[in-house]
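Only a predicted model underlies this, so the values are computations on that prediction, with no experimental measurement involved. A, B, ... follow the sequence lines: proteins, then strands. Residue 1 opens every chain.
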Number of protein chains: 2
Amino acid sequence: MGASNNVGAMGTSLLASVRALGFTGTIYPVHPQEKEVQGLRAYPSVLDLPEVPDLAVIVLPARLVAQALEDCGRKGLRRAVVISGGFREVGGQGVQMEKDLVQTIRRHGLRLLGPNCIGVTNPHHKLNTTFFPHEGEPGFIGLASQSGSFITQMFNPLARLGLGFSTAFSVGNEADLDIVDCLEYLALCPRTKVIGLYIEGIKRGRAFLETARSIAPRKPIVALYVGGSETGKRAGFSHTGAMAGPDDLYDGMFRQAGVIRAESITELFDFCWVLGSSPRPRGRQVIILTNSGGPGAAAADACGRAGFELPALSPATVQKLTAFVPGTSSLNNPVDLTFSKNPSALFSEIPQALFEEDQADALLVYFLTSSEIVKRSLRFLGVAEDRLVEESLKHIDGQCEALVNVARKFDKPLVGYTFRPLEEPGIRGFLRRGLPVFPGIRRAVRALQALTAYSKFRAGLPAESPADTAS
Amino acid sequence: MGASNNVGAMGTSLLASVRALGFTGTIYPVHPQEKEVQGLRAYPSVLDLPEVPDLAVIVLPARLVAQALEDCGRKGLRRAVVISGGFREVGGQGVQMEKDLVQTIRRHGLRLLGPNCIGVTNPHHKLNTTFFPHEGEPGFIGLASQSGSFITQMFNPLARLGLGFSTAFSVGNEADLDIVDCLEYLALCPRTKVIGLYIEGIKRGRAFLETARSIAPRKPIVALYVGGSETGKRAGFSHTGAMAGPDDLYDGMFRQAGVIRAESITELFDFCWVLGSSPRPRGRQVIILTNSGGPGAAAADACGRAGFELPALSPATVQKLTAFVPGTSSLNNPVDLTFSKNPSALFSEIPQALFEEDQADALLVYFLTSSEIVKRSLRFLGVAEDRLVEESLKHIDGQCEALVNVARKFDKPLVGYTFRPLEEPGIRGFLRRGLPVFPGIRRAVRALQALTAYSKFRAGLPAESPADTAS
């Protein structure tokens with residue numbers, strides 16, 4: 001409801017997004033006058049539809065929404081999304097209008113997402129009710145967000161990292177369904193490996209704590225809470241009318257529930273990335289593998305500041321490595337290969353030996369791979385000019401494949417970092433295969449911290465967690 | 001010396017880099033046997049050259065370097081770069097070999113950069129003695145780095161941000177010229193607007209402090225120090241033999257000298273970006289401008305945590321804005337325009353009014369511009385399909401130009417943030433014009449913190465600084 005042939009209207013963009021992603025269910029535009037909307041047969045009211053739809057998506061002026069929901073209820077719908085704003089978040093009359101919505105849906109047993117939200121995106125089901133076109137592939141990150149932008153504006157950055165949403169909910173004013181309900185859904189969703197939360201303020205604190213605590217031992221939860229500063233609290237209130245609480249309260253709640261707290265939007269998704277894709281480290285012993293001293297030293301310092309330890313390699317490991325490394329290299333930790341004579345060992349024998357090192361809980365690996373430099377080498381080796389691009393891509397992809405195969409043999413995480421563009425084939429090859437490679441050292445180390453924190457939380461639980469037995 | 005026709009050799013790549021950037025001076029390859037190297041006439045020894053070159057670049061096995069420098073000295077050269085490693089950083093005999101180098105150059109009055117470095121890049125002079133091909137345009141960041149990677153691996157990321165080096169020095173083992181000498185050079189370099197330092201350990205602490213303190217009141221200095229943790233200290237030592245000191249010592253030294261300390265490589269360059277491109281804020285009052293609630297609330301929270309204040313708009317400012325904003329918008333701070341009816345005001349009248357707000361020391365602006373959405377709108381306005389790309393780019397570039405023109409009228413910084421790709425025309429248009437737009441909220445707020453810290457340092461000085469009058 002609200003889609004039309006008026007090209008400036010939000011509802012029109014929204015219908016375009018739904019169709020652009022290739023939703024295969026039947027769509028019924030509802031419009032008081034139009035007989036046809038964007039080539040689809042339109043109906044004057046929900047009551048006139050030939051069947052009962054699974055979901056209503058409503059983008060109408062605020063004052064018309066209650067009646068639209070009333071019609072949905074009478075028709076027998078069970079689920080509705082209200083995109084329209086102008087309710088509690090604007091105060092005054094909006095507050096009463098939101099109460100009216102709630103009364104209407106309660107009367108009919110309808111459940112409602114919104115109002116003042118951007119809807120829901122489930123790319124696995126090719127459903128995108130946001131007005132922003134979807135980009136990238138479906139993925140494993142389930143999101144419940146008190147801001148729609150952190151769904152739509154993440155389509156592109158996630159796609160660049162080889163990531164995507166399983167389902168993402170914009171909860172808006174949470175007049176009915178709230179962030180706790182979404183959490184329950186995402187806990188059960190088999191396509192969701194990790195749950196992300198963007199929070200300006202939680203209404204049902206007790207329920208949140210209990211729900212999150214029951215989920216976290218099975219599925220990691222990452223949260224960004226922005227209501228903890230005076231400035232954040234005020235901004236959140238004027239955005240969705242959220243009532244923010246003191247920062248320590250949320251911090252304590254997250255700790256109790258085993259929720260990993262992120263410090264920024266970038267971290268929220270970085271943490272989801274590593275938690276959804278990597279084995280859990282047993283401890284805080286990290287081996288850094290690099291072919292360049294500065295990126296090694298800077299990573300070592302970042303690790304030290306983050307509470308990681310860099311164990312010396314055991315004699316057995318040093319022995320294994322000696323065959324593959326040049327005389328200039330350093331077999332301390334960071335393992336610095338400098339300019340390797342046999343770069344392919346960097347993607348196979350060397351990480352294999354480091355994974356086998358008993359003391360290593362995790363590997364942090366610097367990637368410099370430049371397709372231009374590979375091309376230059378292949379040219380020197382006599383590869384014909386017209387086969388250079390294809391051969392270099394094949395060569396690079398083979399290296400990525402080899403390393404990912406080594407990593408899969410071990411129950412230890414490998415986290416990469418680089419300053420090369422993510423589009424560089426030697427980085428892309430890892431991202432496509434689900435190996436996290438972070439742009440920058442601090443992001444990689446912080447992600448490893450999140451992974452370690454979650455691992456510790458998991459290890460600290462009794463064999464059966466209280467939450468599990470309680471359910 | 002060390003360049004050859006042997007395609008795997010480092011010296012060969014290096015000569016290729018020098019030539020690729022289009023260096024216009026004369027290049028003399030020196031090679032014991034070859035008559036011609038990469039198409040240039042080669043000479044058996046420096047002593048045979050037809051003139052005295054300005055600079056020697058030496059990439060030879062460590063044991064041959066002292067003799068090569070001896071030849072340079074006898075020929076009358078004054079400057080040499082030694083790329084070769086295998087000296088102090090490997091210990092043992094390497095320590096003595098490095099002492100020999102120093103004795104040789106002292107005897108002849110030669111000055112030396114290195115050994116165990118990657119050389120120097122000055123793209124303004126089309127000089128790149130690193131073995132990595134240069135990318136992007138010359139810029140305003142002067143760098144002195146104890147890691148060559150943070151020169152070569154930054155060519156691409158800096159270019160993506162519209163940035164570049166003025167001159168970048170890899171100082172290596174600092175057998176002669178050290179980071180303090182580079183600092184002195186960069187202070188005088190008219191193309192360097194800001195100085196970046198990557199530090200694993202400073203040898204001449206007192207000289208560093210005095211030099212930095214004399215420069216910082218005129219030219220900002222940003223430093224990343226990675227020797228402050230036990231792990232960073234060990235890694236730095238095995239990289240360049242640097243002797244790192246306790247973290248607080250460096251922290252105190254940086255504070256005394258007015259050096260802004262970065263926490264990561266990413267921040268080192270982010271801080272250089274904003275310090276080299278933005279007016280200095282008078283205080284800590286920030287106005288956030290957004291068209292989306294979540295990015296506004298998250299930025300407000302990040303600002304609060306970073307010690308910024310978000311003043312309420314004065315009635316005069318609210319009055320000015322009312323004409324340009326829709327009823328759904330919020331005229332608090334963050335100023336949230338929601339879905340503006342007149343998006344062009346976002347790039348002109350609205351920021352103009354916010355700059356004019358007395359209480360505003362800085363503007364933090366969220367950019368969402370998507371060329372796809374602009375194209376969609378223009379199509380709706382009747383622009384022909386074959387002119388859509390051109391017209392949308394023109395439209396977007398006009399918006400960027402308009403905002404940059406507004407910003408230039410005021411002596412207050414405008415820092416942008418976005419989640420769109422930096423290649424998006426609506427972001428690129430700002431970067432090309434030197435307006436910093438950060439990928440992510442925390443990076444933008446941290447950069448604003450660095451700018452504010454420097455501004456405070458500058459404001460705290462007496463009219464004439466002690467450092468100035470002492471010289």
Sidechain N-carboxylate O distance under 4.0 Å for B:Asp301, A:Lys233: no
CD on B:Glu89 to CG on A:Asp336, rounded to 0.5 Å: 10.5 Å
Proximity breakdown for A:Arg234 and chain B, heavy-atom pairs closer than 4.5 Å: side chain
Distance, nearest 0.5 Å, that separates CZ of A:Arg305 from CD of B:Glu263: 8.5 Å
Donor-acceptor under 3.5 Å (A:Thr231 side chain, B:Ala300 main chain): yes
When A:Pro421, A:Ala302, A:Gly293 are compared by non-hydrogen pairs under 4.5 Å with chain B, the top option: A:Gly293
Among the listed options A:Gly232, A:Pro439, A:Ser264, the residue most often paired with chain B at heavy-atom distances under 4.5 Å: A:Gly232
Selection from B:Pro133, B:Ser145, B:Ser229, B:Ser147 maximising heavy-atom pairs under 4.5 Å formed with chain A: B:Ser229
Contact leader toward chain B among A:Gly304, A:Pro334, A:Gly228, A:Pro295, where contacts are heavy-atom pairs under 4.5 Å: A:Pro295
Could you pull out all donor-acceptor pairs under 3.5 Å where a side-chain atom in residues 149-157 of chain A meets a protein atom, sequence neighbours excluded?
from	atom 1	to	atom 2	distance (Å)
A:Ser149	OG	B:Ser292	OG	2.1
A:Asn156	ND2	A:Glu135	OE1	2.9

Pairs of heavy atoms under 4.5 Å with chain B: top-ranked of A:Ala297, A:Gly227, A:Ala235: A:Ala297
Side chains of B:Glu230 and A:Leu310 in contact at under 4.5 Å (non-hydrogen atoms): no
Shortest non-hydrogen contact from A:Tyr198 toward B:Gly294: OH-O, 3.3 Å
Which atoms of B:Tyr366 approach chain A - backbone, side chain, both or neither, heavy atom under 4.5 Å: side chain
Contact class of B:Arg160 relative to chain A, heavy atoms under 4.5 angstrom: side chain
Test item: A:Phe419 and B:Ile265 side chains (from C-beta on) under 4.5 Å apart, heavy atoms: yes
Top contributor to chain A interface from B:Ala299, B:Ala298, B:Gly296 [non-hydrogen pairs under 4.5 Å]: B:Ala298
